[in-house]
Every structure is written in C-alpha cells, then in structure tokens.
Amino acid sequence: MAGQLAQLFINGIAVGSIIALAAVGLTLTYGILRLSNFAHGDFMTLGAYIALFGNLRGVNIWLSIILGVLGTIAGMLLSEKLLWSTMRDRRASSTTLIIISIGLALFIRNGIILIWGGASQSYDLPVTNALTLWGLRIPQNQLLVMGLAAAAILALHYLLQYTKVGKAMRAVADDIDLARVSGIDVERVVIWTWIIAGTLTAIGGCMYGLTTGLRPNMGWFLILPMFASVILGGIGNPYGAIAAALIIGVTQEMSTPWLGSQYKLAVALAFMILVLLIRPKGLFRSTI
C-alpha cells in the first residue's frame, strides 16, 4: 500500500502541475480583467490540438508546442478584440460575461470536433520506457511535465516581481482606475495578460496531451479543478493557485484506492468546500 500511495503521489504532482499551469492563466484573467472565463479549458484543448496538427505533419514536438502556444494566444487576443473589450466598454455584468464565456467554450469545442473529429488522438512520439526511481516507475512524460511546470512558474514569478510589465499588472489588479490615472497603459497590460495566460494554458494542454492523449472535451473536464484551484488558492493569487492545484492533484489521485477513479473530481471539489468552510477567502490572500 505504501508503494501504491507513493506512486499515486507522483501522479498527483504531475496532474497538479498541469492544472497549475492553466489555473494561473485563469486567475490572472480574473484578477486583472474580472473575467470568470469558462472557455479557458477549451482554449487549453485548442492549444493541444494545434500542436497535434503540427506534430502529425512531421514537425518536431517542441516546435509543435510553440505553434500551439502561438495559436492559443491568437485565439485569446481575437476573443479580447471581438468580445471582452466590447463587453468592458458596455460595463456588462459578471453574469453576462459568464454566459458569453460558456458560449465561446461551446464554439471552440465544436470547432475542434469539426476539424479534428471527436475520437481520442495522441501525439506521434517514440515510445519511451518509464524510469525506475526508489522502486517507483515514473513515465518520462510525467518528469517532463513537472520540469516544464516548474520552469514556467519560475519565469512567471520573475515577470510579476521584477519587470515593468509585471508591476503594471499588479497595479491594474489592485485598482484599474488608479493605475490608469497613474499613467499605466491599461490596454497594454490587458494584452500582456492574454499573452501570458495563453502561453501557460497552451503548455498545460500540450502536457496533458502528452500524458493522457487528446480528447475534444478534455479542457471542459479540467475547468472545475482549475476554478477550484483559483478559489482555494485565493482569487487573483497566482502563487496560491499553483499551491492549490498541486494539493487538488495529489488529493484526487490518492483517493482512488478507496473511492475509485470515477470520483476523483468529486473528491477535489469536496476538499475545496471543506477548506472554504474554515477559510472562506481560500488558503492564501490575493497578492497579484
């Protein structure tokens, strides 16, 4: 049992790393744009499928992932231009924005089904043997996921804390009107927010595709763990979202010996509810 739990713990870290990448993008868009974007998971899927498009045509997987990132950023910026900027100008309510984001999610998902079909697919990669460490068999893709997630999180930390763009993003998140009066180019901050969110989300989608395969609805099934991470970690706090995503990933994976894999999502949400009953604002405060 101890060996099985250790194996599930490693699996949970890998799953949590994927959720963390996407959840950071989600919490950034909420913290800065006040947008609960239910299409975020489907943008994640879009990035993975664009990478698949390149990979199946002989493009190196790393270049394919870059292609997926660029495609996701383009899609997010297009949605900003056509939808979200217009809604902000009209001061649309949060309910209206949620409904629009759900419609956008359905549009993206059905577009993916139209182009790539509804069957599960996988990247064209050579088969690699799992590594054996301390008696645990760890697939190389899982190590890759954890390494990339750590690198992306460190890069995000540097950007938010030590660059002008990051400081401007934090200022806009604190008070958008005061930031505008102070001379900060808010529209530039909005564009950078979508670029960062699109990059992290697409990488997360590609990493999920590497470990489990691709399905048109995979992002939709991950949107609840993403929102759970955002809420549990303190809305608008990227570091809290990362920590909460890892906690949720480990919790849901380690519950499977007793409850089965079909209840993993329920366990994650139940854990979130339990924590929020004790700490209604989440584990961490908003710091972005």
Side-chain angles (χ1 to χ4, degrees), residues 18-51 65-92 94 96-98 100-105 107-109 111-112 152-153 155-161 163-174 176 179-180 184-207 219 222-223 226-227 229-230 235-238 241-242 286 288:
I18 294 169
I19 296 173
L21 285 170
V24 167
L26 186 60
T27 200
L28 285 176
T29 53
Y30 184 86
I32 294 173
L33 305 177
R34 302 297 185 265
L35 171 63
S36 299
N37 189 5
F38 279 82
H40 198 81
D42 290 281
F43 275 116
M44 182 180 180
T45 307
L46 178 64
Y49 270 90
I50 293 174
I65 290 174
I66 292 174
L67 184 65
V69 168
L70 294 176
T72 304
I73 292 173
M76 286 188 168
L77 290 177
L78 183 62
S79 68
E80 162 66 19
K81 181 68 175 179
L82 298 179
L83 295 174
W84 309 128
S85 62
T86 303
M87 291 298 103
R88 284 197 304 275
D89 292 341
R90 296 180 178 180
R91 298 187 179 276
S94 58
T96 301
L97 296 177
I98 289 173
I100 291 174
S101 71
I102 292 174
L104 179 60
F107 177 81
I108 295 171
R109 195 177 322 138
I112 290 171
I153 289 165
L156 175 69
H157 172 74
Y158 178 82
L159 186 146
L160 290 177
Q161 299 297 328
T163 67
K164 290 183 178 179
V165 170
K167 293 175 181 177
M169 290 173 69
R170 287 188 284 132
V172 172
D174 287 337
I176 188 171
R180 186 177 281 111
I184 294 175
D185 188 345
V186 173
E187 294 306 315
R188 181 169 174 265
V189 170
V190 169
I191 291 173
W192 271 106
T193 300
W194 286 116
I195 290 174
I196 295 168
T199 300
L200 296 175
T201 302
I203 292 174
C206 293
M207 293 301 100
L222 285 175
I223 194 67
M226 281 186 234
F227 270 107
S229 301
V230 170
I235 296 177
N237 185 338
I242 293 166
S286 178
I288 183 174

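Values in this document were obtained by computation on a predicted structure and should not be read as measured data.
Here the side chains of L33 and R88 are in contact, with some heavy-atom distance below 4.5 Å. V186 places a side-chain heavy atom less than 4.5 Å from the side chain of I176. Side-chain contact between E80 and L35 is absent, with no heavy-atom pair separated by less than 4.5 Å. Counting only heavy atoms from C-beta outward, the side chains of T29 and M76 never approach each other to under 4.5 Å.
By the ring pair (Phe, Tyr, Trp, His ring centres under 6.0 Å) test, F227 is found to be paired with F38, residues two or more places apart in sequence or in another chain being considered. Remark: F107 engages no residue in a ring pair (Phe, Tyr, Trp, His ring centres under 6.0 Å) (not counting sequence neighbours).
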Show, in sequence, the C-alpha distance, side-chain angles and deciding distance for M226 and N37, and conclude whether the side-chain contact (heavy atoms from CB on, under 4.5 Å) test is met. CA-CA 11 Å; M226 281 186 234; N37 189 5; over 6 Å; no

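Counting all heavy atoms, side chain and backbone alike, G68 lies closest to I50 at CA-CG2, 3.8 Å. Closest approach of L97 and A92 over heavy atoms only: CD2-CB, 4.2 Å. Of all non-hydrogen atoms in V24 and P238, the two that sit nearest each other are CG2-O, 3.9 Å. Shortest non-hydrogen contact noted between M169 and T193 is CE-OG1, 3.8 Å. The two residues Q161 and K167 come nearest to each other via the heavy atoms O-CE, 3.7 Å. Considering all non-hydrogen atoms of both residues, T199 and I195 come closest at OG1-O, 2.8 Å.
When atom types are taken as modelled, the side chain of T201 and the backbone of G198 share no donor-acceptor pair closer than 3.5 angstrom. Proximity of a side-chain donor or acceptor of S36 to a complementary backbone N or O of I98 within less than 3.5 Å is not detected. A donor-acceptor pair under 3.5 Å links the side-chain atoms of H40 to the main chain of A22, judged by distance alone.
Rounding to the nearest 0.5 Å places CD1 of I73 at 9.5 Å from CD1 of I196. Note that OG1 of T72 and CG of L67 are 9.0 Å apart. Values are rounded to the nearest 0.5 Å. Rounding to the nearest 0.5 Å places CG of L104 at 10.5 Å from CZ of R109. In this structure, M87 CE and T96 OG1 are separated by 8.0 Å, a value rounded to the nearest 0.5 Å. With rounding to the nearest 0.5 Å, the separation of CZ in F43 from OG in S101 is 10.0 Å. Here M207 contributes atom CE and I19 contributes atom CD1; the two are 15.0 Å apart, rounded to the nearest 0.5 Å.
When each of N237, I32, V230, I242 is checked for a side-chain contact (heavy atoms from CB on, under 4.5 Å) with T27, only V230 meets the rule.
For CH2 of W84, the number of neighbouring non-hydrogen atoms (other residues, nucleotides, ligands) closer than 6.0 Å is greater than 12.
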